[in-house]
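Just below is one structure, and these are the notes that go with it.
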Amino acid sequence: MDMLFQFIANGLVSGSFYALSALGLTLIFGLMRVVNFAHGELYMLGGVMGWLTTTVLGLNFFAGLALTILVMGAFGWLADRFLIERVRDQGEEPSILLTIGLSIFLTNTALLLVGTAPLNVEGPLPNKPVFLGPVVLTELRLFAVAACAALILAAHLVIRYTRLGRAMRATFQDAMAARLAGINTARVYASTFALGTILAASAGMLLGSIYSTHVSAGGLVSLKAFVVVILGGMGSFAGAIVGGLILGVAEALWGGYISTGTVDIIGFLIVILTLIFKPYGLFSTQVERA
Amino acid sequence: MRKLILAPIIATALMGATQAQAQDTLKIGLIQPLTGSVAYNGTADANGARLAVKERNANGGVLGKQVELIIEDGQCSPANSVNAAEKLIQRDRVASLVGAFCSSATSAVMPVARKYKVPFLSGVSSEASLTEKGNPYFFRSAETDALLGQAFSKLLADNLDLKKVAYIGVNDDWGRGSVKAFESELSAHGVDTAMVEYFNHGATDFYTLLTKLRSSGADGVFVAAETQDGSTLVKQIKQFGIDMDVFGVGSWATSDFINITGEAAEGIYAAVPYVANQDGERNKKFVKDYATAYDHAPGKYAAAGYNSLNIMMDAIERAGATDADAILGGLKATDYQAPNGRYRFTSKGQGYGFNLVLVQIHDGDIDVVATTRIDNPEADKNNDGQ
């Protein structure tokens, strides 16, 4: 029984990380309809930035995170204006090819500049164990979960209550009508891509502080994020969060009671079941899109 | 758009230029994982290989020609390693192949080497059955899991006073092979098995695995993992408050592993074929040259890359020709004085005669606990392999 609690706690922790990285993808893939295969690489760049700011430059974690958010936000904005914009409204294939190319380019550039060695991100708290009854966690993990929740909440508030957020929602409901109403949609697309990039990159930095990261970390992250987005429903905020937690707990239980060697099977099983029984995902608010 | 069209043309032109330049060299192909979760270790191997080739070229090369090392990324995956081998053989026309690192990848390249009749040497892949497949083109200058298990199990059982051990390995041929070999050897020394679990390459969160480990009642845990996965796992074992003897195989006894793992590395044991602080003039020179070239001391895989390339170049020199049969003959007659022992091959192409070291990490230093040597496995007739 003690083991069950520990498994669920492990699952919720990794689930909240999945949720944060999937949230960035749900904005880019779910709302903007850009099938972003470079999502994992944006996550990886966040980890590399985290290593650069904390370990190399010696900044503290929060200053490093702020800098990472700034740099990666600018990167996302520019990537959209100079790359994604060229294939907008041309169907999905050009954007798939473009983002696959981008992911290969980013991985190999990072490989060239940073090398293959694992990178440490200095966390804000020591990685000491914390005992909650029978459950063991670390201070850093609890902090990371709280930080995930804070970032998710911040993104939610931006989209719900700011002018930019309203413009985003209008643009993704009907881009033509939004343009007629005077919204600069090019700027909205770029902001959305930048926001998605920031979410992926901060997930990368947070997780880097717990696990250490490396330049080839992106592939697996992309896969898991797609699983969560498909399970939760494209473009759904609640879907990304619930989907992330479900994937995390399902993996922990499968690993705990069946075998850890086959744990990656769970994600694909979830995708297959979702596509058979609930093809639009658990929270399918976007079904009626024209 | 114009730039996009020009790019491949320029690339082809550049490749043409390098090919034309490379007319009078002796080509050796090296397949290593340069990207992916073991990229770090594959790069170390490639660095060692480059150093060996550089030294040889400075001394006049092989058969009067300069050696050209062509390195391809196999990503530790069977499919990519086979592609790399096909490219090296068909397009670059290499005289011989070295590498593939991961046992699963090496195992996939072996039939390709046989098909095209190209000698193939692995300095890393340790899955025991590779040299039992009867492939005459394959040689291995590395310990096998079974040999490592045999050499260390008694040492471990006696030194650490173990009763019950848990086994954790990376989910591939090498990880499964190592776990199996150590489990059967340690069982033969009266150590019970508490748990056997595997994890996938690139996994980051081991808490589920560690939850099981904690309740398994083991007093020691055996881990087969490379630098990246291994350091993450060891860190989490300490975070999780598990107080067990940890001993591992893989790239553990390196300064990088200790840097990344930090305090959590304290007290862990590692079974390795090479550490930089081994005795001997040959090793001192190698460590010095390597450190001059790359600014850090060589680890297990740097030594493996260095040794495998030297063995291959020696063999071609001894053969006096670059055709496959001559090189195979040269490989069979190998007697190579390495930084870590004297390499020779059995009739099946399995290397022996080199050292194995049990080390413990203390205050960031690597202390040698015990040294043993891989003997000729074919000399011991009573020993039935698996």
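In what follows, chains are A, B, ... by sequence order, proteins preceding strands, each numbered from 1.
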request  = Answer with side chain, backbone, both or neither: which region of B:Thr204 has an atom nearer than 4.5 Å to a non-hydrogen atom of chain A?
outcome  = both
message = Can you tell me if A:Phe131 has over 12 outside heavy atoms packed within less than 6.0 Å of its CZ?
response = yes
message = Nearest 0.5 Å, please: how far is NE2 in A:His214 from OG1 in B:Thr227?
response = 11.5 Å
query = Would you say A:Asn60 has more than 12 foreign heavy atoms packed within less than 6.0 Å of its CG?
reply = yes
message = Quick check: do A:Pro118 and B:Tyr40 have side-chain heavy atoms less than 4.5 Å from each other?
response = yes
message = To the nearest 0.5 Å, what is the distance between OG1 on A:Thr138 and CD on B:Gln236?
response = 8.5 Å
remark   = Ranking A:Gly218, A:Gly255, A:Ala217 by heavy-atom pairs under 4.5 Å to chain B gives rank one to A:Gly255
remark   = Okay, A:Asp264 and chain B: the region with an atom under 4.5 Å from a heavy atom over there is both
query = Less than 4.5 Å apart, any side-chain heavy atom of B:Arg214 and any of A:Val136?
reply = yes
request  = Apply side-chain contact (heavy atoms from CB on, under 4.5 Å) to the pair B:Tyr207 and A:Val13, showing each step before the final yes or no.
outcome  = CA-CA 10 Å; B:Tyr207 271 36; A:Val13 170; over 6 Å; no
query = Can you tell which of A:Ile104, A:Leu111, A:Val215 makes a side-chain contact (heavy atoms from CB on, under 4.5 Å) with B:Thr35?
reply = A:Leu111
query = Counting N and O atoms only, with roles assigned by atom type, does the side chain of B:Lys212 sit under 3.5 Å from a partner on the main chain of A:Ser259, one being a donor and the other an acceptor?
reply = no
request  = For chain A, find which of B:Thr211, B:Asn259, B:Thr43 contributes the most heavy-atom pairs closer than 4.5 angstrom.
outcome  = B:Thr211
ask   = Does the B:Glu197 side chain pair with the main chain of A:Thr260, one donor and one acceptor, at a distance under 3.5 Å?
value = yes
query = Is it the side chain or the backbone of B:Ser215 that comes within 4.5 Å of chain A heavy atoms, both, or neither?
reply = side chain
remark   = Honestly, the part of B:Leu210 sitting under 4.5 Å from a heavy atom of chain A is neither
query = Any side-chain heavy-atom pair from B:Gln228 and A:Tyr211 closer than 4.5 angstrom?
reply = no
key: Residue, of A:Ala9, A:Ser14, A:Gly261, that accumulates the most heavy atom pairs under 4.5 Å with chain B   = A:Gly261
key: Heavy atoms of other groups near A:Glu85 CD, more than 12 under 6.0 Å   = yes
query = Heavy-atom distance under 4.5 Å between the side chains of A:Ser212 and B:Lys235, does that happen here?
reply = yes
key: Working for side-chain contact (heavy atoms from CB on, under 4.5 Å), residues A:Met3 and B:Thr208   = CA-CA 9 Å; A:Met3 264 168 71; B:Thr208 299; over 6 Å; no
inquiry  = Rounded at 0.5 Å granularity, tell me how far CD1 in A:Ile265 sits from CG in B:Asn200.
reply    = 10.0 Å
